[in-house]
Structure formats: C-alpha cells, structure tokens
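Note that these values count all heavy atoms, side chains included, but never hydrogens, waters or copies made by symmetry. One-based numbering along the sequence shown. Just follow the structure's listing: the first ligand is 1, and inside any ligand the first atom is 1.
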Amino acid sequence: MSLRKTLAVLATLIATGTAIPTPSQTETSSSFPHLNELAQAKGKLWFGSSIDTTSDSVKDDTYISIFNQSAIFGQTTPGNTMKWDYTEPQNGVFDFTLGDETIALAKQTGKKVRCHHLVWTKETLLGAMKTHITKEITHYGSNCYSRDVVNEAINYDGSYTDNITYAFQYAREAVQALNADIKLFYNDYQISQPGTKVTSVLNNIITNVQSAGDYIDGIGMESHHSDTFYPTVKELNTVMSEYAKLGLGIHITELDVACESTPCSTSGQTGQAQAFYNVIHACMETAKCTGMTFWDFNDKYNWIQPSTNDGAGDATVLWENCTAKPALTAVEEVLRGESCSVC
Ligand SMILES: *[C@@H]1O[C@H](CO)[C@@H](O)[C@H](O)[C@H]1NC(C)=O
Ligand SMILES: *[C@@H]1O[C@H](CO)[C@@H](O)[C@H](O)[C@H]1NC(C)=O
Ligand SMILES: *[C@@H]1O[C@H](CO)[C@@H](O)[C@H](O)[C@H]1NC(C)=O
C-alpha cells in the first residue's frame, strides 16, 4: 500500500492548536508506560507492537529493553518475516527460519503472536494457496494465537480478489487438523471509516466467507493514519459495531500515525496524539475489540520513512532518540480512561 493513496482517501479534518508540553526524558524500559498492563486492567487481551527481526532494531539495546517487557507489550506481530516471500521464497520451497526467530523472542519475552500473514492478493491460485496455508499453519501451530489469513484483498473501488473464501476454508481445515484454537482474521487498511472498502468487507468478504462455513473469526483494522486525516471515535464505533454485529472479533493491527511533513510540527504532534487517542478509545469502548498493536514504536524502525514517502514520517510514539512524543502520553491516558491532555 502507498501511504499517499491512503492519506488521499481518508476523510476527517481535525482541529489543532493546543500547546504541546516539552518532550520528556528518554524513555527506557523503566519509564515507558505499561501499556499491556493498562489494557489488560480494562479487560483487553493485550497491547502489542510489531517487530522486524531482520532490522537493526534487535541490536538496539534501549529499544529492545522496552520491547522485551511484557508489562509494556504482551503481543507481537512479525513485520515481515512470515510473509510469503520469506516463508516460501520459491514455489514449493519453504523456509521458516526467520519466523521461528520471532516466535522464540516472543516466547522468551512473554508475548502472544499474531502471525502475519498467509495470503496476499497476488497469491491466490488455489493449489499453491492450499499448500502454502497448510504448510505454514502446520509449522507454527499454536505458537500463533491468531492469524491474518488474507491481507489487503480489496481494491479502492470495492472490487476484491477471487478465491478468498477458499483461503479461509483451507486455513480452518488446517487449524482443525491440529486440533488447535487459532483465530482467523481478514486484515486490511482504510477500513476504519464507513465507505466503499468497509461495505466491501461486509458484503463481500465476511458474507461470502460466513455463508460458505464457519471460517472467519475477526477483522484486523490496520490503522495507518496521518496527523491531518484520521477517523473520529464515532466513525470508528460505527464501523466496529458493523463487524461486531456479524459476530466477529476486532484487532487494531498496524497502528501508526504519520506526520505529512517532517520533522513533525507542534500542530502535527497534536493531530498525531489525537489520532492515536481516537483509535484506542474506540477499541476500549468496544467489547469485541480485544487488542491493539503499534506498527513499531520508534520512528527509526517504522516503515514510513520521509525519504521514501514524500517527506511523511515520524509515525510512532517515540522519536528516533527514544524520547516520548505527546502521542505516547495520549495512549497512556486513553488506556487509563482519562481525557487527552495533549490533543
Ligand atoms: C531481550 O530478550 C531476549 C530474549 O530473552 C534476550 O536475549 C535479550 O538479551 C533481551 N535484550 C534486552 C536488551 O533486554
Ligand atoms: C482462483 O483459482 C483458480 C484455480 O486455481 C485460478 O484459475 C484463478 O486464476 C484464481 N483467481 C485469482 C484471482 O487468482
Ligand atoms: C530527541 O529528538 C527530538 C526530535 O528530533 C528532539 O526534539 C529532542 O530534543 C531530542 N531529545 C533529546 C534528549 O535528545
């Protein structure tokens, strides 16, 4: 997905202007708020962050000492290492080494794993898909407590990729053969506000899959937003209640909020804080929304870098030097059920 495309279609303009407090001290594992404990105290299953074990992040002690704390992050999602390109680099040739590394790190640091993902839009030939899904589910087994089965299958006009229902069917069959309980999710971006894509998720993906069988457990809302375009709590509640009405669980799966220009301005930081606040607020208010995941928590390791995204970036709650942004305060406050002092 391109960030520009996402930004172009997100629709809510926000008010800015509140003063931003001066940045706090460098966050270490002792000062970083205990997001997972806070979320669990309010009945959620976890608060998590993605990790990419192929990046330098795993050699960055300040960063990893935060990641490692299960009081901070109780779940992780491999950023890349379980994608098809890694797990089946050539047709029929499987390599689970890097994904195994993520599983090991998660186990050592007390985290559940959302395995991500089995099938992307280009990979939908039935035979190849079935082999891939079955092999991968069988390999990782219950080390994955949930899985994104299909990722980003809907186009901007609402049309969608063929054979999705089969992907879910094969996934459920593989899970049943293991006698395991692994939750199966559809994951996509730009499905946080009512609109064409949400309608297609409801009418095409969910309805089709549910009418074929009991194959889907939930929706992953990617939540890539920006400092000027992001959903309101009301919009999020509307969409989440549609998913929940169909009996599905909801995960916030890839939460980051890019500043459209960098370095992120004072008003940009305010908008960013509000966007994080809104997404988490809506999840906290929705019983079926059981967990939230940052798409990394330090700008240095987030996928939206200014050099490759027309100057947009600074999308996480920590600056590269590991000091906290207002957004981190907003996240802590919303998890505590407090109003936002920095929005
Ligand atoms: C993080 O946890 C892993 C797994 O237990 C350990 O190998 C590593 O040394 C820890 N790193 C830091 C900086 O705490
Ligand atoms: C769906 O699967 C069939 C059978 O393998 C294949 O012919 C078709 O191209 C697939 N559709 C897509 C969009 O990949
Ligand atoms: C960390 O980086 C931010 C953004 O570049 C900067 O505003 C802040 O002064 C830095 N803090 C420290 C302690 O270096």
Any non-hydrogen protein atom less than 4.0 Å away from atom 7 (O) of ligand 1:
no
Determine whether Asp61 and Tyr63 satisfy the following criterion, side chain to side chain donor-acceptor pair (under 3.5 Å), listing intermediate values before the conclusion.
CA-CA 5 Å; Asp61 277 354; Tyr63 174 92; over 6 Å; no
Quick one: does Leu126 get an N or O within less than 3.5 Å of an N or O on ligand 2?
yes
Students should be able to answer this: which protein heavy-atom is nearest to atom 5 (O) of ligand 1, and at what distance?
Gln108 CB, 3.4 Å
Do Lys111 and Trp46 form a cation-pi contact, if we require the NZ or CZ to be under 6.0 Å from the six-membered ring centre and within 45 degrees of the ring's axis?
no
With His34 via ring-ring contact (aromatic ring centres under 6.0 Å, His included) - residues at least two apart:
none
Apply the side-chain contact (heavy atoms from CB on, under 4.5 Å) test between Asp217 and each candidate in Lys183, Arg147, His251; give the one that qualifies.
Lys183
Does Asp314 pair with Lys325 as a salt bridge, N-O distance under 4.0 Å?
no
Can you tell me if Thr323 has a non-hydrogen atom under 4.0 Å from ligand 3?
yes
Relative to the heavy atoms of Thr109, which atoms of ligand 1 are at a distance of less than 4.0 Å?
2 (O)
Evaluating non-hydrogen atoms only, which member of Asn321, Thr262, Leu318 is closest to atom 2 (O) of ligand 3?
Asn321
Of Val239, Ile154, Leu202, Val198, the one forming a side-chain contact (heavy atoms from CB on, under 4.5 Å) with Ile191 is Val198
Within ligand 2, which atoms have a heavy atom of Asp162 less than 4.0 Å away?
11 (N), 12 (C), 13 (C)
Report the residues that fulfil side chain to side chain contact (heavy atoms under 4.5 Å, CB included) with Gln40, sequence neighbours left out, ordered by chain and then residue number.
Asn36
Taking only heavy atoms of Ile64, which atoms of ligand 1 are found under 4.0 Å from at least one of them?
1 (C), 11 (N), 12 (C), 13 (C)
Less than 3.5 Å between some nitrogen or oxygen of Asn68 and one of ligand 1, yes or no?
yes
Heavy-atom contacts with Asn163 under 4.0 Å: which atoms of ligand 2 show up? List them by number with element.
1 (C), 2 (O), 3 (C), 8 (C), 10 (C), 11 (N), 12 (C)
NZ/NE/NH1/NH2 to OD/OE distance under 4.0 Å, Lys245 and Glu242:
yes
Residue Asp61 vicinity, atoms of ligand 1 by number, heavy atom under 4.0 Å
13 (C)
